[in-house]
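Encoded as structure tokens, the structure appears first; notes follow it.
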Amino acid sequence: MAIVAQLPCDNNDVCMKCKVTPPSEECLTCVTCATLWHVECLSCPPQSLASTAQWKCPDCSGEIDLAPVTGSDESGLVAAIHAIEADQSLTESEKAKKRQELLSGKGTDDDEKTNGDNENFKCGICFGDLSKPVSTPCGHNFCLDCFNGWVKKNKYTCGTCRTKFAQTVANNIRINLTLVSAIRLSTLPERASAAPPQIQHYIRNEDRPDEAYRTDRAKKTGDANAASGRIFVTTAPDHMGPITAEYDPERNRGVLVGDWWKGRQKCRQWGAHFPLVPGIAGQSKYGAQSVVLAAGYKDDVDNGDYILYTGSGGRDLSGNKRTCKVQSWDQTFTKSNAALQLSCRMGYPVRVIRSHKKKNAYAPEKGVRYDGIYRIEKCWRSIGEQGVFKMCRYLFVRCDNEPAPWTSDAHGDLPRPLPHIPELKNAVDLYEREESPSWDFDEAEGRWKWVKAPSASVKRVHDMHPKERKMRKKSAEADKKKLLKGLHIGPQI
DNA sequence: GGGCCCGCAGGG
DNA sequence: CCCTGCGGGCCC
């Protein structure tokens, strides 16, 4: 049975159903969400003039069919998550649990907590049900009309907690569409909550559960088919070097050498290595942040303090039938290989993760482990294991202040001496550091540290909507150019 | 233990 | 928007 969705007018006051711009007398404004609706296109227009003043649109009144709300950025799921966040009767861990239950599709027994009588859906001024809800920076909610009446009397304090806010806040106050969605959800009939949650493709980092979860598209179980859980650290995705306590607001501890996780998902969530499958995290024009040593390339040599690492390309995941398992073309210094090359030339620090799949004396027994900071001293191309194709090769040397998690290599020289590498004789495209290293050993302080940090991060936060990210990318690039011009530092080659 | 398949995230 | 990519559960 096809259900014809009821649609409001768009931002240009054009009815999204009949595509005409109706005159204002043929329009109704919803008392809850303040959207404009074309009366002729409503399936149940209000019967009396009096009822138009308190008219609620089909979305807000709950009379609508249970088809997903169209024309809204917020799905029911996201609204429900926000409703959980807003519930002050819950502790942080209870909220996290509820988020996870919601995302895994499990219902809870006390779902009615988010129902109509929820105090968070009452206006702090008139104490009635919120109509056109707005929110102050301190997190309290009011009807738009009540709020405007309040600030008209030059009261720039919150009506609930008396926290002061700037006059500009009052001038720029907007209807809280998230709250509108939450109110809509709470007023839906009970069968609505029994309907499968409408999973939205993009979920902000703060709204993600602590554990990896399966989206509605995942047909198989397990982390391999799961979406990422919340990122716990505040480092930008392209943050280089150690993750110190300042980036770890939850534990105030940071990620320490020897930290171990069961799988790549948790390793990502703690910021050690972001990509879930690829072994190299990096951007060709910025540098590399981290690498994973797992199985995959037989040419790899792991000697603990130094590593001969192979770049990516020309091959794919072992056991993935989409592509061939053997090397079938030359690797080049492009993409993530170029990122490692750039880090080599600039002397940037790279985080190294060891996986148990690379079975040797330095690997963890299971899972993945953060083994500290390394620097790429040389990179070159040489003929790989099959004797045919050129592979990108990198010499990693450990330069971390913390002792390594393994004990088999006892020498304590700092900085580590470079090993002799016979294959360098046959290397093509040899690259060595061109600048004095950005991450170097300070003899006076007796530790490794930044001498010259790379230029400003390209990406700033994890929880950015893809659209927003695209917008910001342009301005960030412009900022970066300016910064580079001013400071004469950064990854320019 | 190897092959298969799925699907996420992100670079370009 | 396309395609890659050193995961990982499960089946044989």
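The sequence lines fix the lettering, A, B, ..., with proteins before strands; numbering per chain opens at 1.
Here dC8(B) presents its P atom at 10 Å from CZ of Arg208(A), a figure rounded to the nearest Å. Distance CD (Gln331(A)) to P (dC6(C)): 9 Å, rounded to an integer number of Å. Separating the CG atom of Leu342(A) from the C1' atom of dG11(B) is a distance of 15 Å, rounded to the nearest angstrom. Nucleotide dG5(C) holds its C1' atom 16 Å from the CG atom of Leu293(A), rounded to whole Å. Residue Phe274(A) contributes atom CZ, which lies 12 Å from atom C1' of dG10(B) at whole-angstrom precision. Counting to the nearest Å, the P atom of dC10(C) and the CG atom of Asn225(A) are 10 Å from each other. Atom NZ in Lys335(A) sits roughly 8 Å away from atom P in dG12(B) (whole-Å rounding). Look at CD1 on Ile203(A): it is 10 Å from P on dA9(B), rounded to the nearest Å.
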### Message
Before you tell me yes or no, could you show the steps for Arg375(A) and Arg433(A) under side-chain contact (heavy atoms from CB on, under 4.5 Å), namely the whole-Å CA-CA distance, both residues' side-chain angles and the distance that decides it to 0.1 Å?
### Response
CA-CA 10 Å; Arg375(A) 207 168 59 193; Arg433(A) 201 170 52 241; 3.6 Å; yes

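As judged by a 4.0 angstrom heavy-atom cut-off over every strand, Ala339(A) is placed among residues making no nucleic acid contact. Residue Ser228(A) is classed as a sugar-phosphate contact, given heavy-atom separations below 4.0 Å to backbone atoms only.
A cation-pi contact links Arg251(A) to Trp270(A), judged by a cut-off of 6.0 Å to the six-membered ring centre and 45° from its axis.
Considering only side-chain N and O atoms, Arg264(A) lies under 4.0 angstrom from the phosphate OP1 or OP2 of dG7(C). Residue Thr310(A) has no polar side-chain atom (N or O) positioned under 4.0 Å from OP1 or OP2 of dC6(C). Contact annotation: Lys219(A) side-chain N/O to dC5(B) OP1/OP2 distance is not under 4.0 Å. In this model, the phosphate group of dT4(C) is not approached by any side-chain N or O of Ser312(A) to a distance below 4.0 Å at OP1 or OP2. For Lys220(A) and dC10(C), the shortest distance from a side-chain N or O to OP1 or OP2 is not below 4.0 Å.
Base pairing of dC6(C) is not made with any nucleotide, judged by Watson-Crick or G-U wobble geometry with both donor-acceptor distances under 3.5 Å. The partner of dG7(B) cannot be assigned: no Watson-Crick or G-U wobble pair with both contacts below 3.5 Å exists in any strand.
With dG8(C), dG7(C), dG12(B) as the choices, the nucleotide that has an atom nearest any side-chain atom of Asp223(A) turns out to be dG8(C). Taking the side chain of Thr215(A) as heavy atoms from C-beta on, and the options dC8(B), dG8(C), dC6(C), the nearest nucleotide is dC8(B).
Screening Leu395(A), Val428(A), Asp429(A), Asn426(A) for a side chain to side chain contact (heavy atoms under 4.5 Å, CB included) with Trp380(A), the sole residue that qualifies is Leu395(A).
Along DNA chain C, the nucleotide nearest Lys262(A) and the nucleotide nearest Ser336(A) are compared for position; the residue whose nucleotide lies closer to the 5' end is Ser336(A). Each of Tyr309(A) and Thr221(A) was matched to the nucleotide of DNA chain C holding its nearest heavy atom; the match closer to the 5' end belongs to Tyr309(A).
Between the side chains of Thr221(A) and Arg214(A), no donor-acceptor pair of N or O atoms lies under 3.5 Å.
Taking the centre of each ring, Tyr306(A) and Tyr374(A) stay at or above the 6.0 Å mark.
The closest donor-acceptor contact from the side chain of Arg230(A) to the backbone of Glu211(A) lies at 3.5 Å or more, if one exists at all.
In terms of polar N and O atoms assigned as donor or acceptor, the side chain of Asp300(A) comes within less than 3.5 Å of the base of dC6(C) in a complementary pairing.
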